[in-house]
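What follows is one structure encoded as structure tokens, with my remarks underneath.
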Amino acid sequence: MYEVVRKILDIEREQKIRLNNNKLRLYNSGDKVHLKQIEFHKTDKKNRWVFGGNRSGKTECGAVEVVYTARGCHPYRKIQGATEGWVVSLTSQVQRDVAQKKILYYLNPDWIAGIVMSSGRKDSPQNGIIDYILVRNVFGSLSRIGFKNQEQGREKFQGTSLDYVWFDEEPVLDIYIECKMRLLDRNGYMWGTMTPLKGLTFIYTDIYLNEKNDPNIWYEFMQWDDNPYISVEAKKMLESSLSSDELRARKYGEFMSFGGLVYSEFDERVNVIEPFDVPTDWYDLVSIDPGLKNPLSCHFYARDYDGNVYVVAEHYESDKPIDYHAKKILEIADRLNWHRGFNGKLQALIDSAANQRTLASEKSVTMLFDELGISCNTDVNKDLFSGINKVKSYIRTNDGKRHLFIFKSCVNMIREIKGYFWGNDDAPIKKDDHAMDELRYYLMFSKLKVKKVEDNSTEISRHKARLINRLKKYE
């Protein structure tokens, strides 16, 4: 009897040891769940980034993604066979103290088939610099986690085909490009976790603004409040030691700029929404900022009976003639069944500069559009600061309400809002602002619709109810 009890106790003790060793199994389990970490693991985008403040949980999810991939046990993506990837840190010391430490924490010792050190002893890898780790995966083969640091230079990042690369903190451009080349053969994944302390670098333009509209790019912001493991006392202590600019980066993971965003009230989680079928009686006006060499920006605006504005479609292209733009705009109007004026033409607002004739044409842009079926009203208010304040009041009012919603498909307007900065002369920097101009024209021109009772049983009303609930979540 004694022997039986002893064996049962030994088994229970062994099970407890194995459970404690398997930190991966405990990740995001229990009462405290980091929801944004889960969203990071769920997305199937090839180029994923987390912009997070210190202690927001960004490094944790980057390291776990490496272990998921090496083990072949990813909960949201199918992995076939052994994998090989790199973990890229800023320096060898940062590798040892951050990324390497996190990966060793989540690797059950039974999974490690071998460790090769760059420096230090392999029987004490946490105290040295690891070159690579061989990991037993669920397929019975060996995956390889390699470690690199940016001090090594671009040449050390050449020549290998990889399944994934994880950047722990922001990479320099040449190493970023070299790592992308390493992923081509295997159609691999790249992810980065970083606190944006370097200002408006290529990560800001290529990833956050996504200026090339790459469909493979995904990003999320993580802040202290997203991490369920940080106490209120710890947050207060951290906040008290930071300047306002540092706080934006280190608490919220936001990019820093010396001039500051014009529309800092803009929250992509709230002001950007999924497209839905807009009732035709909400249709309002089309607004155009003309351009030939520069992009011509055109957006279709709808307004409900509560005064909420919806940007529902866009045309945005450069280096095209007026007849091309007119054709594309009218195609959108036909697709939406957009209303026409009494003259049968599409009604639009346009910059008054479109009335000017150039040496290249005897007719103005306004006249050319009119001949092609778009009647343009140039009586727009171009006062910059009044227009900016008007837009701000729609993005977010003083009491936290939002009245401007942009369909996710209007990627160029979203990009411009996120990249619209004040310059040194108390005016916005005159760059990539074409959608910003015609947004101001519309909001300064448009009038509030007359209130009418809506049928609460319609899908549109149900959509509005969902939108209201979403707003309350982020207020």
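We use all heavy atoms of the structure for the numbers below, so side chains are in, but hydrogens, waters and symmetry mates are not.
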Could you tell me whether the side chain of [Y] reaches within less than 4.5 Å of the side chain of [X], counting heavy atoms only?
| X | Y | value |
| --- | --- | --- |
| W282 | P279 | yes |
| K46 | M190 | no |
| N210 | R415 | no |
| Q126 | K101 | no |
| V50 | F221 | no |
| V309 | Y394 | yes |
| K390 | K392 | no |
| V88 | V165 | yes |

Practice problem: Apply side-chain hydrogen bond (donor to acceptor under 3.5 Å, both in side chains) to S124 and N127, showing your working. | Solution: CA-CA 6 Å; S124 182; N127 296 317; 2.6 Å; yes
Self-check item: Sidechain N-carboxylate O distance under 4.0 Å for D437, K430
Solution: yes
Practice problem: Could you check K122 against V116 for side-chain contact (heavy atoms from CB on, under 4.5 Å), going step by step and ending with a plain yes or no? | Solution: CA-CA 7 Å; K122 65 180 180 180; V116 174; over 6 Å; no
Proximity of [X] and [Y] rings by center, below 6.0 Å:
| X | Y | value |
| --- | --- | --- |
| Y301 | Y310 | no |
| Y189 | W166 | no |
| Y420 | F266 | no |
| F40 | Y76 | no |

Spacing of [atom1] belonging to [X] relative to [atom2] belonging to [Y], to within rounding of 0.5 Å:
| X | Y | atom1 | atom2 | value |
| --- | --- | --- | --- | --- |
| I417 | D432 | CD1 | CG | 13.0 Å |
| S92 | Q150 | OG | CD | 12.5 Å |
| N389 | L443 | CG | CG | 12.0 Å |
| I129 | S118 | CD1 | OG | 7.5 Å |
| C298 | E317 | SG | CD | 11.5 Å |
| L296 | H315 | CG | NE2 | 5.5 Å |

Practice problem: Evaluate the side-chain contact (heavy atoms from CB on, under 4.5 Å) criterion for residues N216 and R48: first the C-alpha distance (whole Å), next the side-chain angles of each, then the deciding distance (0.1 Å), finally the verdict. | Solution: CA-CA 8 Å; N216 286 311; R48 296 169 287 163; over 6 Å; no
Looking only at the side chains, is there a donor atom on one of [X] and [Y] sitting less than 3.5 Å from an acceptor on the other?
| X | Y | answer |
| --- | --- | --- |
| T201 | E170 | yes |
| E416 | H434 | no |
| N308 | D304 | yes |
| T83 | D163 | no |

So, for [X] and [Y], which heavy atoms are closest and what is the spacing to 0.1 Å?
| X | Y | value |
| --- | --- | --- |
| A82 | L142 | CB-O, 3.1 Å |
| A99 | S89 | CB-OG, 3.8 Å |
| A70 | N137 | O-CB, 3.3 Å |
| P428 | I388 | CG-CD1, 3.7 Å |
| E151 | Q93 | OE1-OE1, 4.5 Å |
| M222 | C61 | CE-SG, 4.0 Å |

Donor-acceptor under 3.5 Å ([X] side chain, [Y] main chain):
| X | Y | answer |
| --- | --- | --- |
| Q37 | G57 | yes |
| R71 | R136 | yes |
| K148 | V87 | no |
| S393 | T397 | no |
| E169 | P196 | no |
| H325 | K320 | yes |
| E220 | K36 | no |
| D433 | M436 | no |
| N271 | I395 | yes |

Quiz item: Under 30°, 30 to 60°, or over 60°: which ring-plane class applies to F385 and W422, parallel, tilted or perpendicular?
Solution: parallel
Quiz item: What orientation do H74 and H41 show, parallel under 30°, tilted 30 to 60°, or perpendicular over 60°?
Solution: perpendicular
Practice problem: Going by the ring pair (Phe, Tyr, Trp, His ring centres under 6.0 Å) test, name the single residue among W49, F51, Y219, F421 that passes it with Y204. | Solution: F421
Self-check item: Step-by-step salt bridge (Lys or Arg N to Asp or Glu O under 4.0 Å) determination, E265 to R402
Solution: CA-CA 10 Å; E265 304 85 357; R402 298 180 187 270; over 6 Å; no
Exercise. Apply side-chain hydrogen bond (donor to acceptor under 3.5 Å, both in side chains) to the pair E211 and T205, showing each step before the final yes or no.
Key: CA-CA 6 Å; E211 289 185 335; T205 56; 4.6 Å; no
Exercise. Step by step, work out the side-chain contact (heavy atoms from CB on, under 4.5 Å) result for H299 and S297.
Key: CA-CA 7 Å; H299 287 83; S297 177; 3.4 Å; yes
Practice problem: Please test E84 against S143 for side-chain contact (heavy atoms from CB on, under 4.5 Å), starting from the C-alpha separation and ending with a verdict. | Solution: CA-CA 6 Å; E84 182 172 358; S143 295; over 6 Å; no
Quiz item: Do K293 and D319 pass the salt bridge (Lys or Arg N to Asp or Glu O under 4.0 Å) test, and can you show the C-alpha distance, the side-chain angles, and the key distance before you say yes or no?
Solution: CA-CA 5 Å; K293 182 70 175 176; D319 291 313; 3.4 Å; yes
Practice problem: Evaluate the criterion salt bridge (Lys or Arg N to Asp or Glu O under 4.0 Å) for residue pair R154 and D174; output intermediate values, then yes/no. | Solution: CA-CA 7 Å; R154 179 174 182 164; D174 59 348; 5.0 Å; no
Quiz item: Checking salt bridge (Lys or Arg N to Asp or Glu O under 4.0 Å) for the pair E178/R182: CA distance, chi angles, key distance, verdict?
Solution: CA-CA 7 Å; E178 199 63 52; R182 307 283 69 78; 2.5 Å; yes
Quiz item: Can you list the steps and then say if Y208 with E268 is a side-chain hydrogen bond (donor to acceptor under 3.5 Å, both in side chains)?
Solution: CA-CA 11 Å; Y208 175 61; E268 194 170 357; 4.9 Å; no
Quiz item: Given the rule in the side-chain hydrogen bond (donor to acceptor under 3.5 Å, both in side chains) test, do E65 and Y164 qualify, once you have shown the distances and angles that lead to the verdict?
Solution: CA-CA 10 Å; E65 186 74 5; Y164 64 89; over 6 Å; no
